[in-house]
Structures are given as C-alpha cells and as structure tokens.
Amino acid sequence: MKLNNCTIITTTGQFFKLVPFLLFAILCCTPGALCQSSFKLVKKNGHYYTAASINGNAATPVFVETGFSGMVVSEEWYDKILASLPLEEITLDKERHLHTDRTTRRIAKLLKGRVPVGDLIYEGRVFVVDTDEEYVTLPVNLLKNEADTTASLIRFDFKKNVLDFVRPGDVGLDKMRTYTLVSNDPMPIFVAKMELSDASGHSLTKYGKFNFDLGNGSGVFFFRKSMLPALKENKFKIQTSRDKSGKIVGQGIFAGYCKIGEKSNTGFSIGITNKIEDTDELGCVGPSFFKNGIVVLDPNNHLIYYR
C-alpha cells in the first residue's frame, strides 16, 4: 500500500466478501483459534482469515495480511473494538481514499498507535473507512511479541494453516533457504533472482524486489510498469486475463517455469496489474507459490526463510 497524492493503493488482490456467520462459527469452534500468539487460519478464495482477541474483544474476525501499510476497520468495528484506545488521530487535510483493485473506500479517520492483539502488539496506522466488510484487516508482519522478545520469528505454516510466533530454536532454520529482507515496515519486501520461461521457449532472468503478500490469491503477480517492458522484449505472449464471470480484469502470461531464489513452480498463470505505479518492485509473491511449505519472517536479521 502506498500513500501518494491523497491516494492509497494496496498491493493485495481484490477483497472477497466474507461469509461472516460461517467463518465466525468455524474459528470459534477451532481449538487454538484464540491462542495469544498462535492463530489458526481459514483459507477462502486463496486468502486467509482468523479470529483474534483485539483490545480484549474476543473472536474478532480478521483478514490476515502482509500487503497493507496499516490496520483497516469499518467505522462500526472501530467503535466496537478500538474507540477506547488512546490512538493519535492524524489530521487529513483533504478527503482521502483507500483503493484496492476493485473498490474505493473513503477514509473517515486515520490514526496511529498501539493495539493489543492477544498477547501481541500491533503498532502502526489504523485506517477507519466507509465499508460494510464484517472483518478487520490486519498486517500481521507488523505484530510483535513484547511479552517474549525471544519469540521474534513469524512462522506461516501453509500445510497446517497456522500462523505463530516462535523462537529460533523452535524451527530448523539451518535446513531452510533464505531471501534477503530489505524492508518489513510497512510490508515485507525481499530481493531475489527470478528465472522465467513460457511453453514457447521465451525466457528471461531478472534480479529485483518482491513483496511477500499474504493477501495475494495467486502465486506470483507482476507490476506492469516494472515487468511489462521486459516481458515484451523477450517476446512473452501477453494474454487477456478474465475473472470467473468472464469479465476482463487485466493482462497476464502463462509461466511454464518460474524460479524465485531457490523456489520454483511450473505451469501457472501470472497476472499483470497496472494499479501499482510508484514502485520499483517487480511484483508480489503469494502463499500458493510455496504450496504446502513454511515461510518464516525474521525481521531482526533481515531474512525470510522458506521451504
């Protein structure tokens, strides 16, 4: 997400309307859903949701993210769970909006401060927006375990669908590969070499930055400004991308092979978005690129471990 000229652009894909009663029931009945530093994830349309105790309000439905630069809540959810906190309001000199790929929401309030999430702390910006979404969007990469600073690693287990905060000794880090993390605030950005080819024999190798975007429903997503010229130069076939209803939603390519760092996948589509302009990143890497693997953020040592 980037704040520029009174506009906020997210690096995540589209929002999906939650089925609140079903998700709420699943999470409330799941053992460990409300653990203080461990969260059971529910996957829906390639995105992850959980329930968390936010400012003492148990089982608050949460859209789990790493591609946002702040917590996002509706005015109703703000009044319900955050209004009692001493958050500092940031004065908006002009009307500003939160933009995703498909929707625009007016920002009613912009605040900053500390928000308790279970035994963890979120510290950063809070966007209160006009929306009827029945969940809170939370950038979990900005959570910290201040009660146990040795549990500084954020582990995403995509096989067990669990997010937890762990100590280095709890994970076999020596058996995992790494990306260099160049930024984690507000978003986890890493650098790596990418090798890309299609079924027609076209290929390219490019080194650059990627956003590890937990809210990205696809494995890899390119930014048009930084990647389209290289794709055209290397004669990749640019195809029209459509959603399930047949509506044109952008452009994309079919990757016969894609390797980022030491992780590779074959035979999948990569979308190209023109919604992100002010960035030098090549694109986003989502959870499905790692399939049933594990990704561990280590902000203190500027690394992302993966397998």
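The chain is numbered in sequence order, starting from 1. Model, not experiment: these values are computed from the prediction.
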Shared hydrophobic cluster, Ile107 / Ile90 (ILVMFWY, side-chain heavy atoms < 4.5 Å):
yes
What's the verdict on ring pair (Phe, Tyr, Trp, His ring centres under 6.0 Å) for Tyr48 and Phe158, showing C-alpha distance, side-chain angles and the deciding distance?
CA-CA 10 Å; Tyr48 291 90; Phe158 296 123; 5.8 Å; yes
Do Phe156 and Phe212 have their ring centres less than 6.0 Å from each other?
yes
Do Ile154 and Val296 come close enough that some side-chain heavy atom pair is under 4.5 Å?
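A side-chain contact under 4.5 Å is absent here.
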Quick one, Tyr306 and Lys263 - any side-chain contact, counting heavy atoms below 4.5 Å?
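Result yes, sub-4.5 Å side-chain heavy-atom pair found.
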Quick check against the 3.5 Å criterion: does [X] have a side-chain atom that pairs as donor or acceptor with the backbone of [Y]?
{"X": "Asn234", "Y": "Phe236", "value": "no"}
{"X": "Asp148", "Y": "Thr150", "value": "yes"}
{"X": "Thr149", "Y": "Glu146", "value": "no"}
{"X": "Lys209", "Y": "Thr279", "value": "no"}
{"X": "Asn141", "Y": "Asp185", "value": "no"}
{"X": "Thr131", "Y": "Glu133", "value": "yes"}

Electrostatic pair Asp170:Arg155 at N-O distance under 4.0 angstrom:
no
Approximate separation, where rounding is to 0.5 Å, of Asn300 CG and Leu153 CG
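Rounded to the nearest 0.5 Å, the CG-CG separation comes to 8.0 Å.
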Distance col, row Leu173:CG vs Lys175:NZ, nearest 0.5 angstrom, shows 11.0 Å
Check residues 221-232 and write down every donor-acceptor pair under 3.5 Å in which the side-chain atom is one partner and the other belongs to a residue at least two apart or another chain.
unit_1	atom_1	unit_2	atom_2	d
Arg224	NH1	Gln251	OE1	2.5
Ser226	OG	Phe223	O	3.3
Ser226	OG	Glu281	O	2.6

When the side chains of residues 76-87 are checked against the rest of the protein, which donor-acceptor pairs come out under 3.5 Å, sequence neighbours left out?
unit_1	atom_1	unit_2	atom_2	d
Ser84	OG	Asn55	ND2	3.1

